Amino acid sequence: MGKELSFQLLDISYEISNNKPIIMLWGRDRYNKRVTLTYSSFRPYFYLLLDEKADEEKIIKSIYKYSKQKSPILGVESLTLNYLGKPKKVLKITTTIPESVREYRETLSRIEGVKDVLEADIRFSMRFLLDKNLYPMRWYKANVNPIDKNPFIVDELYEINGDIVEDQEMVNVNPLEGLRIMAFDIEVYNPRRTPDPSRDPIIMISIRHSNEKDPIVLEAIGHDDSSLIQEFVELIKKEDPDIIVGYNQNKFDWPYLIERAKKHGIRLDVGRKNPSPPNMSVFGHYSIQGRLNVDLYDFAEELQEIKFKSLVEVSDYLGVMPKDKRVNIEWWQISEYWDDLQKRPTLKRYSMDDVNSTIGLAFKFLPFGAQLSIISGLPMDQVMAASVAFRLEARLMREAKKKGELMPNRTERQTETYVGGVVLKPHPGIHENVAVLDFASMYPSIMVKYNVGPDTIIEGEGGDCKNIYTAPEVNQKFCGDTPGFMKQVLQRFLRWRKEIKERMKSYEEGTSEYNLLNERQRAIKVLANASYGYLGWAAARWYCRGCAEAITAWGRDLIRRSIAYAKSIGLKVYYGDTDSLFVSNDEQKIQKVIDFVSKEMEFEIKIDKVYKRIFFTEAKKRYAGLLSDGRIDIVGFEAARGDWSELSKEVQTSIAKIVLRTGDPKRAVEYVKEVIDNLKNRKIGIDKLIVWKTLTKDISKYEAETPHTNVAKIMERMGYKVSPGNKIGYVIIKGPGSISKKARPYFTVGISDIDDNYYIDKQIIPAALRILGYFGITEKELKTGTRQPSLFDFFGSS
DNA sequence: ATCTATCGGGG
DNA sequence: GTGTACGATAGAT
């Protein structure tokens, strides 16, 4: 009876029905029909770790005494399982309702002879995925029976009988092929700058479907967004997307929509089972039943190459939407563009550009996200919201389960510090033609080579271990007799990645097969590279501070020896940080270093990039370089943040560009003088002089006097309501007293009121000197002397 | 010199 | 976990 169904697992949830949990797997079949598969015989369980000489019979009897009627204890099984490499006696307790596990954990832990409760902190859905060895985004086969009465918003509902096995035919099929993706973005009315969902309506929602060329823009009617929200919900129901993407929607769009919907009494049924509002879930993400809500900002956070990760910047950087080809509106001008009917079409185009950027980013990022799900076992809506340590831990839990190892509990610990990587003092100044050598996966390689892990670390004397590795400096020891848990996992990753890279060779670069394999090997690399940080993370189940300390010690040793060798053959070393070396780009000598590292030390180092021109300051982790393709890397010059004026941000990036492109800091000095002149001549608009700061608490609760609290008070006197979370925009005007006393709401003053000296001394000069200071240029030089007008046009800024 | 407050995304 | 933690910096005192 029944039939075999091949399905792709997208998401999992469960519900309680007749006092029993029912697992629901959300996915689609080979005909691209959306399916829900239920599994009703799975029950929650956990383990009791017993004392060596505990009286098992007696313990079992008292366990049953604690059984509660609302969730009876269904079974107690006596087992011997490995715990951190050593066999232990445990009792497996099976119960009925997942939520009762927490309570049983408390009560049963008090029984005499029970040393610890294990695996009681694993969520029920994850427990199921772990036990059945299921990875979201992969394809499986199961024997199923159709269920006629289908209350879900899917094509078919089935009940699973028996086993679920991976569908080998689908392993190399693009997991996103045929899935419906919907991007959305809301615009909010914000006349008081910081929108308040209890007051300010949503004015536009832009939506773009992956298979359609043009976005749909829903608009509010005046200041009434009730029909807009209703239409949005209807549109989701109609288009029925599998994946919903946005940019920072977990922190902004969803919470805002939820508040607005609540205010209007609208049910936000956007999932595949009613009622199904977006639900706050793990890792700060909103989960939507039956769909994957993926926040693309989580992917952007991984781009270390760019400092500002706004939708506009990220889309520009990745070539999804060039900054100069889109409508740019300052966030604080949104309401003005809505109220002015002349300007409203521009706002509409802005909103469309946003959602087009969002879907563009989805095409760039999701193939990687899908592979990360396939490798880590976390659903795609969670995997990117989770930190790298959680992603690795998800995989480690599966590896432990496969080996029959008990998982350590997550416990609260104090963070203990230890010495990190080597950071050399840079050679300040401008250097031409500099190569960056990177150790390939330095820390994972160390872990494999020296069998580092929580189950191989030797506390005290070595006992009967024959093959001991001792880390330099820190004196941590590891037993090398049998491969430990971490080493086994890492070796599996390494072998897997090698095999994938081998297979990639048989495909043309850029083909879909090649891209799929490439994203998969990247996902494996990300998990492998998280392993060191994971061991040093106090909240980790397999936390091992001694391991982390030993890994960095071996790393320091490696890089020091490489530096010494490079210098011994006459290669100039400009800078080095943890696992990278900046050296003069002398190909022959670099090859010798590469050979030395691979032959003498058995590690791999390779050229990561070559800078045509680079400048270091004497500060560590701070440099800017010009790559051969004209791109510029700016690392560590972080003054230009959101709480600086536009003007100072502009000055700083222009200076880095001028210095790197011309190699002459003097030309940047001329540029700064131009800017100062323009400011004095009132040629710079007030918009560029606004400084924005957020009120984090009630004004009365501030101990210190600050510009933005003073301005908030002024605004309050003017009749504005200011509250925590509001962004206060201010400018500094001429007059006596402290800066705070001279701060005014930007919309209350004219350009002639502006205190140019403040902007020169506190905004332009510090931003400029952050870079130019390292070339011996002083404040005085920037403020005096002649200027050459032509230079201001270098970057055409105004 | 010390203390308090803010940045990161979104609108 | 119904997300922090972190390192850097400005301004007041």
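Keep in mind the model is a prediction, meaning the values are calculated, not measured. We name chains A, B, ... by the order of the sequence lines, and we start the count at 1 in each one.
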Taking the P atom in each of C:dA8 and C:dT4, what is the distance between them to the nearest angstrom?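 Nearest-Å result for C:dA8 against C:dT4 at atom P: 23 Å.
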Distance between C1' atoms of C:dG1 and C:dA5 (Å, rounded):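 About 14 Å, rounded to a whole number of Å.
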So, is [X] close to the [N] phosphate, meaning a side-chain N or O under 4.0 Å from OP1 or OP2?
{"X": "A:Thr696", "N": "B:dT6", "answer": "yes"}
{"X": "A:Tyr758", "N": "C:dG11", "answer": "yes"}
{"X": "A:Thr706", "N": "B:dA5", "answer": "no"}
{"X": "A:Ser738", "N": "C:dA12", "answer": "yes"}
{"X": "A:Lys727", "N": "B:dT6", "answer": "no"}
{"X": "A:Arg770", "N": "C:dT9", "answer": "yes"}
{"X": "A:His285", "N": "C:dG3", "answer": "no"}

Side chain of [X] (C-beta onward), nearest among [options]:
{"X": "A:Lys309", "options": "C:dG1, B:dC7, B:dG9", "result": "B:dG9"}
{"X": "A:Ile739", "options": "B:dG9, C:dG11, C:dG1", "result": "C:dG11"}
{"X": "A:Ile334", "options": "B:dA5, B:dG11, C:dG1", "result": "B:dG11"}
{"X": "A:Asn248", "options": "B:dA5, B:dG11, B:dG9", "result": "B:dG9"}
{"X": "A:Asn190", "options": "B:dT6, B:dG11, B:dT4", "result": "B:dG11"}

Does the side chain of [X] come under 3.5 Å of the side chain of [Y] through a donor N or O and an acceptor N or O?
{"X": "A:His223", "Y": "A:Asp339", "value": "yes"}
{"X": "A:Asn190", "Y": "A:Trp331", "value": "no"}
{"X": "A:Arg208", "Y": "A:Asn356", "value": "yes"}
{"X": "A:Ser276", "Y": "A:Gln289", "value": "no"}
{"X": "A:Ser700", "Y": "A:Asp698", "value": "yes"}

Please give, in whole Å, the distance from [N] [atom2] to [X] [atom1]?
{"X": "A:Gln249", "N": "B:dG10", "atom1": "CD", "atom2": "P", "value": "12 Å"}
{"X": "A:Met280", "N": "C:dT4", "atom1": "CE", "atom2": "P", "value": "9 Å"}
{"X": "A:Tyr350", "N": "B:dG11", "atom1": "OH", "atom2": "C1'", "value": "7 Å"}
{"X": "A:Asp755", "N": "C:dG11", "atom1": "CG", "atom2": "C1'", "value": "15 Å"}
{"X": "A:Arg123", "N": "C:dT2", "atom1": "CZ", "atom2": "C1'", "value": "11 Å"}
{"X": "A:Arg260", "N": "B:dG11", "atom1": "CZ", "atom2": "P", "value": "16 Å"}
{"X": "A:Glu301", "N": "C:dA5", "atom1": "CD", "atom2": "C1'", "value": "12 Å"}
{"X": "A:Trp644", "N": "C:dG11", "atom1": "CH2", "atom2": "C1'", "value": "12 Å"}

Scan [X] against the nucleic acid and name what it touches under 4.0 Å (heavy atoms): base, sugar-phosphate only, or nothing.
{"X": "A:Asn279", "result": "nothing"}
{"X": "A:Thr194", "result": "base"}
{"X": "A:Tyr702", "result": "sugar-phosphate"}
{"X": "A:Tyr189", "result": "nothing"}
{"X": "A:Lys697", "result": "sugar-phosphate"}
{"X": "A:Asp298", "result": "nothing"}
{"X": "A:Tyr297", "result": "sugar-phosphate"}

Taking the basic N atoms (NZ, or NE/NH1/NH2) and the acidic carboxylate oxygens, is any pair closer than 4.0 Å for A:Lys734 and A:Asp756?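 No.
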Answer yes when A:Lys721 and A:Glu716 have at least one side-chain N-carboxylate O distance shorter than 4.0 Å, and no when they do not.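 Between A:Glu716 and A:Lys721 there is no salt bridge, as every charged N stays at least 4.0 Å from the carboxylate O atoms.
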Taking 5.5 Å and 30° as the limits, would you call A:Phe252 and the base of B:dG10 a stacked pair?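 Stacking between A:Phe252 and B:dG10: absent.
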